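Notes follow once the structure below has been shown.
Numbers here simply count residues along the sequence, with the first being 1. Just so you know, these numbers use all the heavy atoms, side chains as well, and skip hydrogens, waters and symmetry mates. In this text, all values refer to a predicted model and were calculated from it rather than measured experimentally.
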Amino acid sequence: MSALDLVTSWPVDTAAVAVVGPDGVRDSRGPDVALPWASVTKLLTALTVLVAVDKGDVLLDEDAGPDGATVRHLLAHTSGVPFEGDGVLAQPGRKRIYSNRGFELLAEFVLTRTGGTFDELMTESVLRPLGMGGTRLAGSPAAGAIGPVSDLALLGQELLDPSLVPDLMPEAVTVQYPGVTGVLPGFGRQDPNDWGLGFELRDHKSPHWTGARNSPRTFGHFGKSGTFLWVDPEANLALAGLTDRDFDTWAAEVWPALSDAVLEEHGVR
């Protein structure tokens with residue numbers, strides 16, 4: 001029995017999951033059909049922005065968004081911008097306020113340097129180079145991607161063995177603005193609520209959507225549409241999942257259990 005067989009008991013109509021190593025998919029279950037990624041989209045947007053940084057089109061520490069905020073603040077959810085809508089809830093760098101609007105402002109800013117549309121830029125910078133031909137940005141840069149689990153697995157493979165921005169990735173998965181507190185959606189207040197440059201960091205958060213066996217270095221994202229991708233550098237594994245049921249308590253229960261089973265199956269004690 002594979003750890004992925006646990007997925008058959010999930011209270012969803014459609015689920016597709018894949019265990020990924022640096023060499024590609026090691027095990028998978030479910031149909032390879034396009035499903036909404038919701039906030040997992042932010043990983044694609046973050047990489048698109050980091051490619052622009054790598055090319056010199058934008059700088060991490062230049063002004064962007066509200067007064068006093070930078071590209072780095074927007075990527076790290078510390079710009080003070082609320083989840084949705086305009087306004088400022090805090091001074092930059094003071095609180096971790098998870099923000100869809102912040103990522104939209106980020107995309108708008110990058111386009112002032114690159115031109116075109118953000119879906120075109122994402123395709124040219126990330127999707128096409130990684131061979132993610134089944135995925136497209138069909139809405140907000142914060143939550144509008146749609147694609148199959150095979151493409152999400154390719155993203156996981158890239159994050160395990162970076163090729164797009166290898167020099168920037170160590171910084172991207174390092175805590176930005178250490179000690180900042182905030183709410184991790186679905187899991188409550190975390191102190192600290194650590195985040196990298198668009199990548200949520202597990203560190204020692206509890207409760208969390210990854211497993212107890214996941215190392216503190218694990219990073220990734222989950223989405224409201226019942227989607228997730230985590231990458232554990234210590235285990236040298238990634239786990240990708242798409243479903244057709246919105247995130248709720250069911251996901252908070254079954255995702256950590258699956259993560260622990262996968263890691264145990266692959267020798268993580």
Hydrophobic cluster membership, V19 vs L6, 4.5 Å side-chain cutoff: yes
Salt bridge flag under 4.0 Å for residues R113 and E62: yes
SB check R245 D248 (cutoff 4.0 Å): no
Spatial distance of atom [atom1] ([X]) from atom [atom2] ([Y]) [nearest 0.5 Å]:
{"X": "D54", "Y": "L164", "atom1": "CG", "atom2": "CG", "value": "9.5 Å"}
{"X": "Y98", "Y": "S39", "atom1": "OH", "atom2": "OG", "value": "3.0 Å"}
{"X": "L130", "Y": "L159", "atom1": "CG", "atom2": "CG", "value": "8.5 Å"}
{"X": "L168", "Y": "L60", "atom1": "CG", "atom2": "CG", "value": "6.5 Å"}
{"X": "L137", "Y": "W37", "atom1": "CG", "atom2": "CH2", "value": "11.0 Å"}

side-chain hydrogen bond (donor to acceptor under 3.5 Å, both in side chains) partner of E200, chosen from K205, K42, H221: K205
Would you mind reporting whether [Y] and [X] have side-chain heavy atoms less than 4.5 Å apart?
{"X": "T14", "Y": "T243", "answer": "no"}
{"X": "S215", "Y": "R217", "answer": "yes"}
{"X": "L111", "Y": "F109", "answer": "no"}
{"X": "N214", "Y": "W230", "answer": "yes"}
{"X": "L127", "Y": "R136", "answer": "no"}
{"X": "L59", "Y": "D61", "answer": "no"}
{"X": "L121", "Y": "V110", "answer": "yes"}
{"X": "D194", "Y": "P178", "answer": "no"}

Criterion side-chain contact (heavy atoms from CB on, under 4.5 Å) on L155 and L47, from CA distance to verdict: CA-CA 10 Å; L155 179 58; L47 280 177; 3.6 Å; yes
Stepwise side chain to side chain donor-acceptor pair (under 3.5 Å) test for S163 and E158: CA-CA 7 Å; S163 64; E158 163 65 17; 2.6 Å; yes
Give the table of side-chain donor-acceptor pairs shorter than 3.5 Å for residues 143-153, with sequence neighbours excluded, one pair per line with atom names and distance.
residue, atom, partner, partner atom, Å
S150, OG, D32, OD1, 3.1
S150, OG, D32, OD2, 2.8
D151, OD2, G134, N, 2.9
D151, OD2, T135, N, 3.0
D151, OD2, T135, OG1, 2.7

Given D167, V165, V58, V126, the one that forms side-chain contact (heavy atoms from CB on, under 4.5 Å) with L50: V165
Sidechain-backbone polar pair: [X] side chain, [Y] backbone, donor-acceptor under 3.5 Å:
{"X": "T123", "Y": "D119", "value": "yes"}
{"X": "E120", "Y": "T117", "value": "yes"}
{"X": "E104", "Y": "S99", "value": "no"}

Give me the atom names and distance for the closest heavy-atom approach of [X] to [Y].
{"X": "G93", "Y": "Y177", "value": "CA-CD2, 4.3 Å"}
{"X": "G198", "Y": "L43", "value": "O-CD2, 3.8 Å"}
{"X": "H208", "Y": "P256", "value": "O-CG, 3.7 Å"}
{"X": "S259", "Y": "G211", "value": "CB-N, 3.6 Å"}
{"X": "W209", "Y": "G220", "value": "CZ2-C, 4.1 Å"}
{"X": "D23", "Y": "Q157", "value": "C-NE2, 3.6 Å"}

Derivation of the side chain to side chain donor-acceptor pair (under 3.5 Å) call for T174 and E171: CA-CA 5 Å; T174 298; E171 184 174 6; over 6 Å; no
Whether F228 and W255 hold their rings parallel, tilted or perpendicular, with breakpoints at 30° and 60°: tilted
Ring geometry between F247 and F222 (parallel below 30°, tilted from 30 to 60°, perpendicular above 60°): tilted
Partner residues of E108 under the salt bridge (charged side-chain N to carboxylate O under 4.0 Å, His left out) criterion, sequence neighbours left out: R101
Non-neighbouring partners of D5 that pass salt bridge (charged side-chain N to carboxylate O under 4.0 Å, His left out), sequence neighbours left out: R29
Over 12 non-hydrogen atoms of neighbours within 6.0 angstrom of CG in D67: no
Pair S2-D27, side chain to side chain donor-acceptor pair (under 3.5 Å): steps then yes or no: CA-CA 9 Å; S2 164; D27 196 7; 2.7 Å; yes
T78 vs R94, side chain to side chain donor-acceptor pair (under 3.5 Å): CA-CA, chis, key distance, verdict: CA-CA 7 Å; T78 57; R94 299 291 181 85; over 6 Å; no
